[in-house]
Asks: 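What follows is a structure written as structure tokens; I'll ask about it next.
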Amino acid sequence: MSKPVVAIPSDFREFDGNVWHVVAHQYVRAAVEGAGVMPFLVPALESGNDVDEILDRVDGVLASGARSNVHPSLYGREATEEDGPFDRGRDATSLPLIRRALERGVPLFAICRGLQELNVALGGTLATEIQEQPGIWDHRKPDVPDLDVAYGIRQDVIVKQGSCLAPVLGVGRVRVNSLHRQAIASAAPRLAVEAVADDGTIEAVSVIGAKAFAVGVQWHPEYWVRTDAASASLFRAFGEAVRTYRESKLK
Ligand SMILES: N[C@@H](CCC(=O)NCCCC(=O)O)C(=O)O
């Protein structure tokens, strides 16, 4: 049987004197090696993407991390300079894709920005520059050139008893990396908190009543999927959900 296909919304980026629709290699590699699926990169168009046309052709959605932030207008706030950089094309592609995937029961795995998109797509809000809040740790990407250091495993998250992630990661402390300056402020009504950091930051969620795998994590399991057991377990679980969904379509 051919490999299942997973949509990965691109980022709209400008560099080298041109504009590009891009996905960082680490997400593509984790989809292929960790979940055993074929990635399908979706262009970050502010208009023109038909999410049903996309979802008709795929067996899962992987919403990746990105340096840009979800535009505050999408969760009822005025945009300030500190809220950027923005990526309206990514927002316009990923949020509708997430909502429709949930409606159709297409498995969804959301990472970092992807978790934030999931929360906003379902009616939640985000906090920015969270490290400036009293008692909140600095979750930002370390300002170092070595990606292995920037994505280094450096914090605990505590997986909740009875969560969707408990069978995947076990209950209690899991060591993860951290590269974000925003986080969930108010969780959308349909989201269950699956894991938190010691400072209370929401680190993982699942969609209550989802028809299939629908999980978001604030950390970056894609980066160490080859060597870190927890990272590998997450992508294996997503891959299994994608294959189950694909097989259900073939019946
Ligand atoms: N912009 C959001 C989401 C952060 C995120 O997805 N980080 C991964 C990319 C890191 C990078 O390349 O800078 C936030 O900051 O919370």
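For the single chain, residues carry numbers from 1 onward in sequence order. Please read these numbers as outputs of a predicted model, since none were measured by experiment. In listed order, ligands and their atoms are each counted from 1.
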Asks: Parallel, tilted or perpendicular: which one describes the rings of His180 and His139, with boundaries at 30° and 60°?
Replies: tilted
Asks: May I ask you to check whether Tyr27 has an N/O atom sitting below 3.5 Å from an N/O atom of ligand 1?
Replies: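 Such a contact does not occur with ligand 1.
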Asks: Using distance alone, decide if ligand 1 has a nitrogen or oxygen within less than 3.5 Å of any nitrogen or oxygen in Ala66.
Replies: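 Looking only at distances, the answer is yes, because the N/O contact criterion of under 3.5 Å is met.
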Asks: Any idea which atoms of ligand 1 are less than 4.0 Å away from a heavy-atom of Gly65?
Replies: 6 (O)
Asks: Measure His220 to ligand 1 on non-hydrogen atoms and call it side chain, backbone, both or neither using the 4.0 Å cut-off.
Replies: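 Side chain only; the backbone of His220 stays clear of ligand 1.
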Asks: Quick one: does Arg67 get an N or O within less than 3.5 Å of an N or O on ligand 1?
Replies: yes
Asks: Suppose I only count heavy atoms of Cys112 and a 4.0 Å limit; which atoms of ligand 1 are within that range?
Replies: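 Taking each heavy atom of Cys112 in turn, ligand 1 has 3 (C), 4 (C), 5 (C), 6 (O), 7 (N) under 4.0 Å.
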Asks: Is Arg173 salt-bridged to Asp198, going by a charged N under 4.0 Å from an acidic O?
Replies: yes
Asks: What I want to check is whether the side chains of Gln133 and Gln131 have a donor and an acceptor closer together than 3.5 Å.
Replies: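 Judged by distance alone, the side chains do not pair up.
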Asks: Looking at Ala44, is its backbone amide N or carbonyl O close enough to the side chain of Asn49 to form a donor-acceptor pair, meaning the two atoms are under 3.5 Å apart?
Replies: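 Checked: no pair found.
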Asks: Among all protein heavy atoms in this structure, tell me which lies nearest to atom 10 (C) of ligand 1, with the distance rounded to 0.1 Å.
Replies: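 So the nearest neighbour among protein heavy atoms is Tyr151 OH, 3.9 Å.
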Asks: Flag Ile111 as yes when one of its N or O atoms lies below 3.5 Å from any N or O atom of ligand 1, and as no otherwise.
Replies: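 In fact, backbone or side chain, Ile111 has no N or O that close.
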Asks: Give a yes or no on whether a salt bridge exists between Lys3 and Asp59, defined as a side-chain N under 4.0 angstrom from a carboxylate O.
Replies: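 Looking at Lys3 and Asp59, the cut-off is not met.
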Asks: Before you tell me yes or no, could you show the steps for His220 and Glu222 under side-chain hydrogen bond (donor to acceptor under 3.5 Å, both in side chains), namely the whole-Å CA-CA distance, both residues' side-chain angles and the distance that decides it to 0.1 Å?
Replies: CA-CA 5 Å; His220 288 270; Glu222 82 288 347; 2.9 Å; yes
Asks: Count I, L, V, M, F, W, Y as connected when their side-chain heavy atoms are under 4.5 Å apart, and connections chain through other members. Are Leu108 and Val217 then in the same cluster?
Replies: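 Hydrophobic grouping puts Leu108 apart from Val217.
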Asks: Enter the distance from Trp224:CH2 to Tyr151:OH here, rounded to the nearest 0.5 Å.
Replies: 11.0 Å
Asks: Return the residue, atom name and 0.1 Å-rounded distance of the protein heavy atom closest to atom 16 (O) of ligand 1.
Replies: Gln182 N, 2.8 Å
Asks: What do the steps show when you test Tyr223 against Ile111 for side chain to side chain contact (heavy atoms under 4.5 Å, CB included), and what is the final call?
Replies: CA-CA 11 Å; Tyr223 193 85; Ile111 294 173; over 6 Å; no
Asks: List every atom of ligand 1 that sits less than 4.0 Å from any heavy atom of His180, numbering the atoms from 1 in the order shown and giving each element.
Replies: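 Reading through ligand 1 atom by atom, the close ones are 14 (C), 15 (O), 16 (O).
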Asks: Heavy-atom contacts under 4.0 Å between Ser68 and ligand 1: side chain, backbone, both, or neither?
Replies: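 For Ser68, the contact with ligand 1 is made by the backbone alone.
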Asks: Under a 4.0 Å heavy-atom limit, does Lys141 contact ligand 1 with its side chain, its backbone, both, or neither?
Replies: side chain
Asks: Which ligand 1 atoms does Leu179 reach within 4.0 Å, using its non-hydrogen atoms?
Replies: 4 (C), 5 (C), 7 (N), 8 (C)
Asks: May I ask you to identify the nearest protein heavy atom to atom 2 (C) of ligand 1, giving residue, atom name and distance to one decimal place in Å?
Replies: Asn69 OD1, 3.2 Å
Asks: Determine, stepwise, if the pair Glu103 / Arg99 fulfils salt bridge (Lys or Arg N to Asp or Glu O under 4.0 Å).
Replies: CA-CA 6 Å; Glu103 288 168 1; Arg99 288 189 196 101; over 6 Å; no
Asks: So is Gln116 close enough to ligand 1, meaning a heavy atom under 4.0 angstrom away?
Replies: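 A heavy atom of Gln116 does come that close to ligand 1.
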Asks: Among all protein non-hydrogen atoms, which one is nearest to atom 15 (O) of ligand 1, and what is the separation to 0.1 Å?
Replies: Arg181 N, 3.0 Å
